[in-house]
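What follows is a short report on a single structure.
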Amino acid sequence: MLVIDTWQYFIHRYMHLNKFLYKHIHSQHHRLIVPYAYGALYNHPLEGLLLDTIGGALSFLFSGMSPRTAIFFFSFATIKTVDDHCGLWLPGNPFHIFFSNNSAYHDVHHQLYGSKYNFSQPFFVMWDRILGTYLPYSLEKRANGGFETRPIKVSKDE
């Protein structure tokens, strides 16, 4: 989890910082301003190769996991990624209980105000916190049901 999180944070963030890569590669994924489950892996083929295939291969090699463990791990990571993009906050969702990197967290990243924040994926938010790209948020109940993710303004003094 740490290997793939580290790889994906730095490659993902670089795709946002590099104007050429963002315009020609990563912006395809950010056409989804409102994420939905099927859009989790909606990206340019080169992005899929860089983030998922190479990141997965490095995770497999550095961890020394067996092929059987790899099947379970990468299936779990794919399901987690789909959940992160589903745009739903369902009570009792184990991903929301065990991981602070969840659908609300990633929803912030897909909003126009959040595109320079919350790059971490798919498991932990440590790199965002360490490197100052973490944007806190609140979940507010909507009058007609459901929740809305809103950024929390943090003063420079904190």
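All values derive from a computational prediction rather than experimental measurement. The residues of the chain are indexed from 1 along the displayed sequence. Basis for what follows: all heavy atoms, side chains included, without hydrogens, waters or symmetry-related copies.
Here the side chains of Asn93 and Asp83 are in contact, with some heavy-atom distance below 4.5 Å. A 4.5 Å side-chain heavy-atom check between Phe99 and Lys80 finds at least one atom pair inside the cut-off. Glu47 has its side chain within reach of Met15: a pair of non-hydrogen atoms, C-beta onward, lies under 4.5 Å apart. Counting only heavy atoms from C-beta outward, the side chains of Leu2 and Phe123 never approach each other to under 4.5 Å. No side-chain heavy atom of Met126 sits under 4.5 Å from any side-chain heavy atom of Tyr9. Inter-residue side-chain proximity for Ser120 and Tyr105 is flagged as met; some heavy-atom pair is nearer than 4.5 Å. Residues Thr149 and Glu140 fail the side-chain proximity criterion, which asks for heavy atoms closer than 4.5 Å. Put simply, the side chain of Val3 does not reach to within 4.5 Å of the side chain of Phe60, judged on heavy atoms.
With hydrogens and angles left out, the side-chain atoms of Ser103 and His96 include a donor and acceptor closer than 3.5 Å. The closest side-chain donor-acceptor pair between Ser75 and Thr78, if any, does not fall under 3.5 angstrom.
With sequence neighbours left out, the salt bridge (charged side-chain N to carboxylate O under 4.0 Å, His left out) criterion links Arg68 to no other residue. Under the rule for a salt bridge (charged side-chain N to carboxylate O under 4.0 Å, His left out), Arg129 has no partner lying at least two apart in sequence or in another chain.
In this structure, Leu139 and Ala104 approach most closely via the heavy-atom pair CD2-CB, 3.9 Å. Heavy atoms only, all atoms of each residue included: Met65 and Ala70 are closest at SD-CA, 3.4 Å. In plain terms, the two heavy atoms of Leu135 and Ile152 that are nearest each other are CD1-O, 4.3 Å. Of all the heavy atoms in Gln8 and Pro122, the pair that sits closest is OE1-CD, 3.9 Å. Looking at every heavy atom in both residues, Ser100 comes nearest to Tyr137 through O-OH, 4.2 Å. Of all heavy-atom pairs spanning Ser63 and Ser59, the tightest one is OG-O, 2.7 Å.
Met1 and Ile54 are not part of a single hydrophobic cluster, where members link through side-chain heavy atoms under 4.5 Å apart. No continuous path of ILVMFWY side-chain contacts below 4.5 Å connects Leu17 to Phe20, so the two sit in separate hydrophobic clusters. A continuous path of hydrophobic side-chain contacts links Phe74 to Ile79 [ILVMFWY only; heavy atoms under 4.5 Å]. A single hydrophobic cluster is seen to contain both Phe62 and Leu51, as judged by linkage of ILVMFWY side chains at heavy-atom distances under 4.5 Å, directly or through other members. Clustering ILVMFWY residues whenever any of their side-chain heavy atoms sit less than 4.5 angstrom apart, transitively, puts Leu61 in a cluster other than the one holding Leu49.
Checked against a 6.0 Å centroid threshold, the rings of Phe119 and His109 count as neighbours. His26 has its ring centre no less than 6.0 Å from the ring centre of His44. Between Phe10 and Trp127, the distance from one ring center to the other falls under 6.0 angstrom.
Considering NE2 of His30 and CD of Gln111, their distance stands at 10.5 Å, rounded to 0.5 Å. For the atom pair Phe124 CZ and Asp5 CG, the distance stands at 6.0 Å (nearest 0.5 Å). Once rounded to the nearest 0.5 Å, the distance linking CG of Asn43 with CZ of Arg31 reads 11.0 Å. Atom-to-atom distance recorded for Leu46:CG and His24:NE2 is 12.0 Å, nearest 0.5 angstrom. Rounding to the nearest 0.5 angstrom, the gap separating the CG atom in Asn118 from the NE2 atom in His110 is 11.0 Å. For the atom pair Trp7 CH2 and Leu58 CG, the distance stands at 5.5 Å (nearest 0.5 Å).
Residue-environment remark: OH (Tyr14) stays at or below the threshold of 12 foreign heavy atoms within 6.0 Å.
Formation of a donor-acceptor pair under 3.5 Å by the His29 side chain with backbone atoms of Tyr42 is found in this model. In this structure, the side chain of Ser27 engages the main chain of Tyr22 through a donor-acceptor pair within 3.5 Å.
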Would Phe95 and Asn101 count as a side-chain contact (heavy atoms from CB on, under 4.5 Å) if you check the C-alpha gap in whole Å, the side-chain angles of each, and the deciding distance to 0.1 Å? CA-CA 8 Å; Phe95 293 127; Asn101 191 335; over 6 Å; no

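By the 30° and 60° cut-offs, the orientation of the rings of His106 relative to His12 is tilted.
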